[in-house]
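Below: one structure, written as structure tokens.
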Amino acid sequence: MKNVTRINKAVFPVAGLGTRFLPATKAQPKEMLPVVDKPLIQYAVEEAYGAGIRHMIFVTGRNKRAIEDHFDTAYELESELEAHGKKELLALVRSLAPEDMFCSFVRQPRALGLGHAVLCAQPLVNDEPFAVLLADDLMCGPDGGPSVLGQMVEQFAKTQTCILAVQEVPRDHVKRYGIVAGQPAGERLTKVEKMVEKPNPDQAPSRMGVAGRYILTPGVFDMIRNNPRGAGGEIQLTDGIARLMTTEGVHAYLYQGRRYDCGSKQGFLEATVDFALKHDEVGPEFREYLKSVKF
Ligand code: UTP
């Protein structure tokens, strides 16, 4: 593979069933749940765009049409806003799909797991390194610093290997994550030697849990395809990456910033409060409101 300094494609697997958020997700995708005024998927697309990526590939399923519409032109809405002179709102709506951004959609016919969802994107990714963003993990870089994916692209330019975003997780939470362990390979970087999906705390090789941001090399596709079903009967991305480690290097990067697990109610609520407090329009009044809440 020639030296690559820029990642051009991002895959957004959005075909999951979102059972932890029922009934809200019965007829609408969980990735369209808004944190304050923006759906989760838009935060993830903006993070990818900010990291230099221009081709967004969505792996969708049933009930996901709202995501396609969100990034498409909305003629009726735009002409209404134009006719009423609502220029700021019009600019806001149009900014969702910048002219140099290209969106593709591919269906995952059955929710067979994250690995399978990524495999569905292979014909669109072809033979180049790509990013994977799980939109239900809402990631914030440090104040004024690069986004989490931006940090990972920088690391990729140095290592030319898969980069997994990791964070330290409490011991009693390791069962919720892919857990990695290995040898130090630079500042915040670990050469991964072991990777296990959702281990029991006494079998976990470390407390480094993988968050929903990956940069992967195209070799991962064959590794996913040739793998048997893993934990929970699903085709796991973790298993594919673990197999890739036998032929290529894989690095874990301890990202700077914060993750909100918006696939869970608790994480979603925490994100809503933090983002509302920082929001230009509603922040000051919301802060006053929170002060008045009696616990
Ligand atoms: P999750 O397991 O967090 O999502 O998968 P889920 O299955 O939608 O949610 P719950 O657990 O039932 O509440 C992580 C990501 O992988 C995608 C999901 O959309 C989510 O973004 N995914 C998962 C797929 O695209 N296809 C799958 O078969 C499974």
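For ligands, and for the atoms within them, numbers begin at 1 and follow the listed sequence.
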Protein contact of [atom] - nearest heavy atom, named by residue and atom, plus distance:
atom                    : result
atom 16 (O) of ligand 1 : L114 CD1, 3.5 Å
atom 25 (O) of ligand 1 : A15 N, 2.9 Å
atom 12 (O) of ligand 1 : T19 OG1, 2.5 Å
atom 2 (O) of ligand 1  : R20 NH2, 4.4 Å
atom 24 (C) of ligand 1 : G16 N, 3.4 Å
atom 15 (C) of ligand 1 : L134 CD2, 4.0 Å
atom 21 (O) of ligand 1 : P13 O, 3.0 Å
atom 6 (P) of ligand 1  : K30 NZ, 3.4 Å

Before we go on, tell me: are the rings of Y253 and F156 under 6.0 Å apart, centre to centre? no
Is the distance between the ring centroids of Y43 and F275 under 6.0 Å? yes
Out of all atoms in ligand 1, which are within 4.0 Å of some heavy atom of [X]? Include the element for each.
X    : result
A111 : 28 (O)
L112 : 28 (O)
G113 : 26 (N), 27 (C), 28 (O), 29 (C)

Give a yes/no on ligand 1: does [X] have at least one heavy atom closer than 4.0 angstrom to it?
X    : value
E31  : yes
A135 : no
G263 : no

Report yes if some heavy atom in the side chain of R54 is under 4.5 Å from a heavy atom in the side chain of N8; otherwise report no. no
State, with a plain yes or no, whether a side-chain heavy atom of V45 is found less than 4.5 Å away from one of L96. no
With the threshold set at 4.0 Å, does a side-chain nitrogen-carboxylate oxygen contact exist between R176 and D261? no
Inspect the contact between E288 and K291 and indicate whether a charged nitrogen and a carboxylate oxygen are less than 4.0 angstrom apart. yes
Is I235 linked to V106 within one hydrophobic cluster, defined over Ile, Leu, Val, Met, Phe, Trp and Tyr using a side-chain heavy-atom separation of less than 4.5 Å? yes
Would you say Q42 and E46 are linked by a side-chain donor-acceptor pair, where the criterion is simply a distance under 3.5 Å? yes
If we ignore angles and hydrogens, is there a donor and acceptor under 3.5 Å between the side chains of R188 and Q151? no
Would a search of protein heavy atoms around atom 9 (O) of ligand 1 find one under 4.0 Å away? yes
Just wondering, more than 12 heavy atoms not from R65 lying within 6.0 Å of its CZ? no
Both conditions, 6.0 Å and 45 degrees, for the charged tip of R107 above the ring of F105: are they met here? no
Under a 4.0 Å heavy-atom limit, does Q108 contact ligand 1 with its side chain, its backbone, both, or neither? side chain
Report the part of A117 (side chain from C-beta onward, or backbone N, CA, C, O) that has a heavy atom under 4.0 Å from ligand 1; answer both or neither where that applies. side chain
Sole residue of T161, V132, V153, T159 in side-chain contact (heavy atoms from CB on, under 4.5 Å) with I215: V153
Nearest non-hydrogen atom to atom 20 (C) of ligand 1 belongs to which of D137, D136, D261? D136
Contact (N/O only, under 3.5 Å) between L17 and ligand 1: yes
